[in-house]
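Below is one structure, written out as C-alpha cells; the observations come after it.
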4 protein chains.
Amino acid sequence: MNKAILIGRLTRDPEVRYTQSGVAVCTFTLAVDRRFARKEENNGQPTADFIPIVCWRKLAEVCGNNLVKGRRISVEGRIQVRSYDAQDGSKRYVTEIIADEVEFLDSRSSAPQAGGFGAPAPAAPQQSADAGSFGPSIPEEEIPF
Amino acid sequence: MNKAILIGRLTRDPEVRYTQSGVAVCTFTLAVDRRFARKEENNGQPTADFIPIVCWRKLAEVCGNNLVKGRRISVEGRIQVRSYDAQDGSKRYVTEIIADEVEFLDSRSSAPQAGGFGAPAPAAPQQSADAGSFGPSIPEEEIPF
Amino acid sequence: MNKAILIGRLTRDPEVRYTQSGVAVCTFTLAVDRRFARKEENNGQPTADFIPIVCWRKLAEVCGNNLVKGRRISVEGRIQVRSYDAQDGSKRYVTEIIADEVEFLDSRSSAPQAGGFGAPAPAAPQQSADAGSFGPSIPEEEIPF
Amino acid sequence: MNKAILIGRLTRDPEVRYTQSGVAVCTFTLAVDRRFARKEENNGQPTADFIPIVCWRKLAEVCGNNLVKGRRISVEGRIQVRSYDAQDGSKRYVTEIIADEVEFLDSRSSAPQAGGFGAPAPAAPQQSADAGSFGPSIPEEEIPF
DNA sequence: TTTT
DNA sequence: TTTT
C-alpha cells in the first residue's frame, strides 16, 4: 500500500514532455494548504506544502490540455522516492507523487480523469521533447526531471 | 486534503529525540514495496520506495518503545515538504510523512496507535536529546533532522 | 485502518439534531459520481453512489451552518456498519461514513473543517431535537436515525 | 473520488461465483477493529465493523485461491451503494466495497494483488455458479448478491 | 427520496 | 520559483 490523496491548486501551468519512445509525461506542482495554518501573520512559517506531481500517458495529455495555474484538482497516486548522485558526489533524493487519477474541481460537473493501462496510447508527438535525452538505459518510469 | 497511507517495514530501528521543550519526536524510514516490482533480476531498478516517517508526542513514544527494524506497520499521515538552504547556497527540499496513526501489523492482535492532541503529554525526558540544538527560532514541527 | 475518502455533492440540506446530553449530530447524503458512468443514456444504471454521512460535535455545527444541497465537499472518515433488529424480526444493516474532516470545495479559498476531540464543545441548543428520544441506553455514537 | 482503505481479517472463507459469461466474483466480509474499542467489557458495544467486500475477475480468483477465514489483508476500493426492492415492497440498500487491490499481510513477503483491466481474463469455469441466475439484463458490476 |  |  502506497497511496497519496491530495487536494490543491497548480502553482503554475503544467509542462508536458515526451520520452524518446513518444510517451507523454506531465509535471506540475500542487499547493496543498496546511490545516490550521492561518494565512495572515504566520511567523513566516509555510501555510502550504508544494508537492511535485507526475502524470504519464493519457493522463499526462489530459492534464496538459486542461489544467492551468491556479486550478483546483484532486490527485490520487503513489509516493515515489528517487535517488541520484549529485555533482559533488553526494546522494540526493527527489520525492514525487505519481498520479493515477486526477479530478478537476473547479468545473461545474467534474469527471475523474483516470490514467492507467487500459487507455489508448496517445498519438506520437511531432517533435519529441528532451525528456528522452536521458537516454534509453533509463526506464521511462524513472526518468529524472 | 493531504493524506498518505502506507504499508511497509522499518529499514532500521526508530530514533527518538526530544525538543528543548521536551516534546518527543520519532523518526524512521519505511520500505514500501512497489507493485509489480520483482525482487530477483530487476535490472538494478528499485523494488521499493524508502520513505521517511516522523511521529510526534505520544505516538513518538509508542513507536520508539515498540518498533524495531524489520517490523511491518501501516502509517496514515500527511506529506510535508520542507525547504532549507544548503551550505553551497542552493535550496534543498526534504519530504517526510508526518504520521497521525500507526498500526502494528506483525502482532497477532493489533490496535492502531493514534497520535493527536488529546493524548496526555509524555513525561519530560531526563536529558534532552540534541534535537533542540537547532535552536529556539525553529518551531518544533519544523526541526530539520 | 478504516478510512473513507469521498468527493461529492449534498443531495439535500443537512439535518442537525442533538442528543439528550446536547451533542450535535449532522447527517446528510453525498452523491459521489461513478467513474466511467455517462450521464445520458446509461441504461437506467446508477451514475452515482448515494452515501450517508454523519458528523458529530463541532464538525456537525460547522456543516449544519455552512452546507446546503448541491454543494461540493470532500469527506474523510471511517466506514461504520450498524445492525439493528427490524420489526419483522430480521436483522438489518446500516452503513454510514462517520466524518472526521470535511473540506468545502466550492468556495474560492477553502479550509478543512476538522472534527475531533480537542475542539470546544458546542453550546447546548435551546431545544433538543428528537435524536435523544431513542433513549439513554443507546450510546450517542450509535443512535439509529 | 470514492476511496475506501481497510485493514482487517476475513470473518469466513471467501466465496467465488461466476457470472453467466464466466466472470469471477469473490465475496467475503472483513472484520475491521474499531479504534479505542476494548475487547473485554465493552458494554455490548461492537468492537469491529463487519464490511462486505466484492472482488471481480483476476483479483477474485487470486483471493478465492489464497484467502481463508482469519487472514489479515488490506483492501483498497470504492464504496458502492445498491438499492433493491424487498418482497414487502420497501426499498433496501446494500453497501459493499468493490476492491481494486488486496494485499496479504500475514505472509512474510507480501505483494499487492492488483485487479483491473490489464490483467488476463480468467479461464471460464467448468460449471457456472448461480451468480448468473440474476439474468442477462443486469450488468455484471451490479449483480445483487 | 437523491447532487451537478 | 510557488496556488487561492
Side-chain angles (χ1 to χ4, degrees), chain A residues 6-15 27-35 37-40 42 44-53 63 67-75 102-112 145, chain B residues 1-2 80-85 89-93 95, chain C residues 6-15 27-35 37-40 42 44-53 63 67-75 102-112 145, chain D residues 1-2 80-85 89-93 95:
Chain A
L6 305 170
I7 295 177
R9 312 187 99 107
L10 295 237
T11 63
R12 49 177 173 75
D13 290 347
E15 273 182 65
T27 57
F28 54 86
T29 296
L30 251 205
V32 180
D33 287 337
R34 288 191 184 172
R35 243 177 329 176
R38 319 257 170 131
K39 279 321 171 51
E40 329 80 31
N42 202 41
Q45 290 308 308
T47 60
D49 290 284
F50 296 94
I51 301 178
I53 312 288
C63 288
L67 293 179
V68 293
K69 175 181 173 172
R71 281 211 68 181
R72 177 149 55 182
I73 64 174
S74 72
V75 170
V102 170
E103 196 166 349
F104 304 156
L105 296 177
D106 293 318
S107 45
R108 296 236 72 220
S109 73
S110 76
F145 294 101
Chain B
M1 172 88 60
N2 179 342
Q80 180 178 271
V81 180
R82 292 184 293 110
S83 68
Y84 64 95
D85 299 305
S90 68
K91 206 152 200 119
R92 297 279 170 71
Y93 297 90
T95 303
Chain C
L6 304 170
I7 296 179
R9 311 189 99 108
L10 295 239
T11 63
R12 49 178 172 73
D13 290 348
E15 275 181 64
T27 57
F28 53 87
T29 297
L30 251 205
V32 180
D33 286 337
R34 288 191 182 173
R35 241 177 331 176
R38 314 219 163 178
K39 281 319 173 52
E40 329 81 30
N42 202 39
Q45 290 306 308
T47 61
D49 289 284
F50 296 94
I51 301 178
I53 311 289
C63 288
L67 293 178
V68 293
K69 174 181 175 174
R71 282 211 68 182
R72 178 150 52 184
I73 63 173
S74 72
V75 170
V102 169
E103 196 168 348
F104 304 157
L105 295 177
D106 294 317
S107 45
R108 297 238 72 216
S109 74
S110 76
F145 293 99
Chain D
M1 173 88 58
N2 179 340
Q80 180 178 271
V81 181
R82 293 185 292 110
S83 69
Y84 65 95
D85 300 304
S90 68
K91 206 150 201 123
R92 299 278 169 70
Y93 297 89
T95 302

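Quick note on labels: first sequence line is chain A, next is B, and so on, each numbered from 1.
- Considering every non-hydrogen atom in both C:Arg34 and C:Pro46, the closest pair reads NH1-CG, 3.6 Å.
- Of the side-chain N and O atoms in A:Lys69, none sit less than 4.0 angstrom from OP1 or OP2 of F:dT2.
- Separating the CG atom of A:Leu6 from the C1' atom of F:dT3 is a distance of 14 Å, rounded to the nearest angstrom.
- In the set E:dT1, F:dT2, E:dT3, E:dT3 carries the atom at the smallest distance from any side-chain atom of C:Ala48.
- When distances are taken from the side chain of C:Thr29 to each of F:dT2, E:dT4, E:dT2, the shortest belongs to E:dT2.
- Rounded to whole angstrom, the span from the CZ atom of A:Arg12 across to the C1' atom of F:dT3 amounts to 12 Å.
- Distance, A:Arg35 CZ to F:dT4 P: 23 Å, rounded to whole Å.
- Every residue was checked against the side chain to side chain donor-acceptor pair (under 3.5 Å) condition with D:Asn2, not counting sequence neighbours, and none meets it.
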Next item on the list: Please assess A:Val102 against A:Ile53 for the test side chain to side chain contact (heavy atoms under 4.5 Å, CB included), listing each intermediate value before the final yes or no.
Entry: CA-CA 10 Å; A:Val102 170; A:Ile53 312 288; 5.7 Å; no
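- Residues forming a side-chain contact (heavy atoms from CB on, under 4.5 Å) with C:Pro14 (at least two apart in sequence, or on another chain): C:Leu10, C:Cys26, C:Phe28, C:Leu67.
- The shortest non-hydrogen separation linking C:Arg71 to C:Asp106 is CA-OD2, 3.2 Å.
- Nucleotide E:dT4 holds its P atom 15 Å from the CG atom of C:Leu105, rounded to whole Å.
- One interatomic measurement links the two molecules: CZ of C:Arg72 to P of E:dT2, which rounds to 21 Å at whole-angstrom precision.
- Atom CG in A:Leu30 sits about 13 Å away from atom P in F:dT4, given to the nearest Å.
- Taking atom CD1 of residue C:Ile53 and atom C1' of nucleotide E:dT3, one finds them 13 Å apart after rounding to whole Å.
- At a threshold of 4.0 angstrom between heavy atoms, the contacts of C:Gly70 are confined to the sugar-phosphate backbone, with no base atom among them.
- At whole-Å resolution of the value, CZ in C:Arg71 and P in E:dT4 are 13 Å apart.
- Stacking of C:Phe50 onto the six-membered ring of E:dT2 is present: less than 5.5 angstrom between centres, less than 30° between planes.
- The side chain of B:Tyr93 sits closest to F:dT2 out of F:dT2, F:dT3, E:dT3.
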